[in-house]
Every structure is written in structure tokens, then in C-alpha cells.
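Below: one structure, written as C-alpha cells.
Side chains are part of it too, since the values below use all heavy atoms of this structure and drop only hydrogens, waters and symmetry mates.
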Amino acid sequence: MTAEKTKDWVDRVIGRSEDFEECLKTHWTDDSFGWGALLGKLWNEPADTRPTGLLLTGPEGCGRHAAAAHMVRILHGKEFGSVWLTGDDLLEEGNVSVAQERLDALLDDFWEKKKGLCLVLEQLEGRTGRKELLNSLGKSLWDYWLARETKSEASRLFLILIDSGRGIPSLLRERLQRCRMTLPGQQHRRYFLDNNAKDVAGYVDFDDCAEYTEGFTYAQMEDLVRDLRMQVDATEMALSPEELKQMVEEQEEEPPAARRRAVLEDRLTQMLDKLPELLNQLPALLQAMSNGGGSQANRADFSSSQIDLSSQNLENMSEEELRKSLEEKDPNLLVAEIFGEEEGKLLIQQAHEAKFDQPAAEGAEQEPTPIVEEQKE
């Protein structure tokens, strides 16, 4: 890619992001979910120990982009500019080397301006070259952090990665604070109504509304508030519980399918989150079992995993080989072994049904407390 084309790309994405920055300055992002306050505290930690980026994970509609907006706004007051990129922006030509040139040119541009860069990156999952790009970003974050005492105060780099969190290279993962977003619980839905629907408080019972909207995303809550406002403006009458419930149901986008999809996603996420711990415990458990030792509790814990890999020579397999074996295993069999045959069949059936459903709101009630995880997994 020519230097001229690279410069044109840098100018284009910076110009687009500057327009978005103006929107952030004039439209304050709601903080009903509490992440804005938490991220403000995170930034106030000592520079030597605080992370140099965020890994925002969670289902659609859980507030990942709102959290990113809060962090961007915090950094605006610290001499940072922001650039928002997608996988298409970097890999639109399908060439990893071109994407790398673009990133390098972007970093150089902010360095020359002596301005910190907050890079917001999303939609990289499934893209060819994702691992190479993330590795490169990890190296850049380390370079900036290690040279923090000699670099210009304004020349800093902060990465916000909106991602599933799977397969993040360790070089990058070490510098990121993982924040797991969840769908708003009843308490947070009530906070949202208090903060965004004060003008209809005398016409709508917020307690009922927070109860009826179980499984709603923040986007759905915004739509509902607008509908409530239009209804109140048109009638100037309070909504009965029945009318309110009907309006809530009209906002639901095929709720049964959404709930099935949300439950399936949550169960699979739990399974994958526990897998590294299980793999780390395997060598000691296998050694104890091969020696005829080990407590009954340890044996029970191992058996409860229901992962049957007896066809493999587990004692002679490295952790990497075992991971590869699990990755290559038939997904249907793996789900059945982890959740049990009957429940595994049900989950697989739900996944099959969800595949053919129209896009729907993400579903089940989640814990309302924001989860900030350790930097290392």
C-alpha cells in the first residue's frame, strides 16, 4: 500500500472520529449501569500499576459501547484523542500487512502531534489476521508502558477492545483490564427509568416497568421510554398496569427465542470460562489417580466435569496438546460430555432453533453488579 493511500486512510478515520467526539461532548452518556464511575476510579490508580487498556466483553445490548464512551470521555480530559475502528476499517483489503501499516501510521500521527491516542477497536472476531494484529497491539502497549518515563506525557496509548475475549494473545491480555458487561438487572432498569424518564414518572409505575422488562437490553429500554413518552403526550393519562405490560410486550422481539439464545450463550460462556481451570488441574489430578491416590473429593470434582477423553493417552499429553484435542473434538459430543446427554441434546436443539430465528433482543436476567476482573486470567 502506498504511503499516500495510508495517509488518506489515517486522515479519514481521524476525521470521522473527531465528529464522533463532538457528539460525545454534547450528548452525555447515561451511567445507570455504573461503569462510568468505576472506570473513573480505575484511571485514578497509580500510572505504574493501572492497565493500559480495557477488554469489554458481554452480550449485545449490555452496554459495552456505553462503557467505551465513558472511558473515552475520561481520557479526553487527559490530553487524549480517540479513534474508533472496526475490523473492516483495518482489513477492508484483506491484507494483514496493510492493516499493520495503517496502525503504525496512526500511532505515528498521534506521536507527532504529541497527543495521547485512545484506540477503540471492535468486530475483529473471525477475521483473518486477527491474532497478528492483536499481537502487534500488545507489543505497542508494552512499548508505550515501558517507555512511559522517557516519552512525552501527551504521547500515550490506551486500547479499548470490544470483543468476545477468546483467543486474546497473552502479550496483549497482560495489559488489558477485562470488564464483563451484563444485561441490566431489575435494579439497574429502575435506575435507567429514574435517570431517563423523569418526565413521565407521574404517569408510569417505574417499579412495575422495571419488573416487566426482564431481559431487556439498554437499547430496548431507550425505545420503551420513547414509546411511553409518546403515549403520555398523546393521552395525558396514566398507564394502567395492563396497558404498561402490553407496551412492554410490544417491545419484546420474539422473547422465547431471545431467552433460549441468552440461556445457551450463558451456559456455553460458563463452560469455556471453566475450561482453563480444568486444564490446569488435569496434570495433578491424573497423577494422583494413576498412583491410586487423591481424595474422594478430588476424584468427584474430576468426574463431575463429565469430559471423557479416555481414548487419549492423557498422562503423556502436554497442556497444549490437550487443548488441541478438545478443540478438535466433535462439538456435539463435547457439549454432551460436559452437560450430560439429555441436557446436551436440549442445548444443541436450542442452538439449532436459534440459528434460524430472526434477530431478537438478548434475553435472561443477569446480575446487576458490574464485574471487573483481574488482568490475568
Side-chain angles (χ1 to χ4, degrees), residues 10 13-14 16-17 20-21 24 35-36 38-40 42-43 45 47-58 64-91 96 99-111 113 115-125 127 129-148 151-181 372-377:
V10 169
V13 297
I14 289 178
R16 185 183 65 194
S17 295
F20 186 63
E21 285 182 6
L24 286 180
W35 277 104
L38 286 175
L39 294 176
L42 177 69
W43 182 256
E45 292 183 6
D48 287 349
T49 58
R50 71 174 174 235
T52 50
L54 302 175
L55 172 59
L56 305 181
T57 67
R64 294 173 300 174
H65 293 85
H70 277 288
M71 193 71 231
V72 166
R73 186 178 287 110
I74 291 168
L75 294 177
H76 279 173
K78 309 295 180 180
E79 301 297 328
F80 277 79
S82 64
V83 173
W84 299 65
L85 297 178
T86 67
D88 285 339
D89 291 322
L90 286 171
L91 295 164
V96 178
Q100 186 60 66
E101 287 177 18
R102 289 174 169 177
L103 281 177
D104 291 342
L106 186 61
L107 293 175
D108 290 343
D109 183 89
F110 275 77
W111 171 265
K113 294 175 181 176
K115 189 175 184 179
L117 170 61
C118 175
L119 179 61
V120 185
L121 184 57
E122 63 177 323
Q123 298 175 21
L124 271 181
E125 294 100 324
R127 301 300 299 259
R130 173 178 181 268
K131 185 174 182 180
E132 290 87 343
L133 284 176
L134 294 182
N135 263 321
S136 178
L137 282 169
K139 183 178 183 302
S140 295
L141 284 176
W142 274 105
D143 287 343
Y144 273 74
W145 186 79
L146 292 172
R148 63 193 179 282
K151 285 189 176 183
S152 166
E153 178 66 16
S155 297
R156 293 166 292 170
L157 176 62
F158 193 91
L159 173 67
I160 301 177
L161 180 61
I162 302 174
D163 194 272
S164 65
R166 303 294 170 196
I168 305 295
S170 58
L171 187 68
L172 174 60
R173 182 65 183 87
E174 185 74 15
R175 297 307 312 155
L176 301 181
Q177 173 71 55
R178 182 176 183 177
C179 302
R180 190 193 301 277
M181 310 278 111
V372 180
E373 299 187 354
E374 296 294 331
Q375 287 176 254
K376 294 183 180 180
E377 294 193 292

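Nearest approach of L91 to A99, heavy atoms of both residues: CD2-CB, 3.7 Å. Heavy atoms only, all atoms of each residue included: L124 and G87 are closest at CD2-CA, 3.8 Å. Heavy-atom minimum distance, P169 versus L134: CD-CB, 3.7 Å. Between A67 and M181 the shortest heavy-atom distance is CB-SD, 4.0 Å. Taking every heavy atom of both residues into account, G81 and F110 meet most closely at CA-CE2, 4.0 Å. Minimum interatomic distance between H76 and S82 (heavy atoms only, all atoms of both residues): NE2-OG, 3.6 Å.
Applying the side chain to side chain contact (heavy atoms under 4.5 Å, CB included) test between L159 and each of L55, L117, L137 identifies L137 as the sole match.
Here OG of S164 is found 12.5 Å from CG of L56. Values are rounded to the nearest 0.5 Å. With values rounded to the nearest 0.5 angstrom, I168 atom CD1 is found 15.5 Å from R175 atom CZ. Taking CH2 of W145 as the reference point, atom CG of L157 lies at 14.5 Å (rounded to 0.5 Å). Note that the CG atom of D163 and the CZ atom of R64 stand 8.5 Å from one another [nearest 0.5 Å]. In this structure, the separation between SG on C179 and CG on L38 is 8.0 Å, given to the nearest 0.5 Å. Once rounded to the nearest 0.5 Å, the distance linking CG of L176 with CG of L54 reads 7.5 Å.
Residues that satisfy the salt bridge (charged side-chain N to carboxylate O under 4.0 Å, His left out) test with K139, not counting sequence neighbours, are D143. Among residues two or more places apart in sequence or in another chain, the side-chain contact (heavy atoms from CB on, under 4.5 Å) test is passed with D104 by Q100.
In this structure, R16 fails the cation-pi test against W84, since its NZ or CZ atom is not both closer than 6.0 Å to the six-membered ring centre and inside 45 degrees of the ring normal.
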Task: Test log, rule side-chain contact (heavy atoms from CB on, under 4.5 Å), inputs L90 and L121 - done: CA-CA 10 Å; L90 286 171; L121 184 57; 3.7 Å; yes
Open item on the list: Run I74 and L42 through side-chain contact (heavy atoms from CB on, under 4.5 Å) and show every step you take.
Closed with: CA-CA 11 Å; I74 291 168; L42 177 69; over 6 Å; no
Open item on the list: With side-chain contact (heavy atoms from CB on, under 4.5 Å) as the criterion, how do Y144 and T52 come out once you've worked through the C-alpha distance, each side chain's angles and the decisive distance to 0.1 Å?
Closed with: CA-CA 9 Å; Y144 273 74; T52 50; over 6 Å; no
TODO: Could you give me the CA-CA distance, side-chain angles and deciding distance for R166 and E125, then say whether side-chain contact (heavy atoms from CB on, under 4.5 Å) is met?
DONE: CA-CA 9 Å; R166 303 294 170 196; E125 294 100 324; over 6 Å; no
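Under the 3.5 Å distance criterion, the side-chain polar atoms of S17 are matched with a main-chain donor or acceptor of V13. At distances below 3.5 Å, at least one donor-acceptor pair connects side-chain atoms of R156 with backbone N or O atoms of K78. Panel note: side chain W142, backbone L171; a donor-acceptor pair is recorded below 3.5 Å.
Electrostatic pairing of R127 and D88 counts as a salt bridge here, judged by a charged N lying under 4.0 Å from a carboxylate O.
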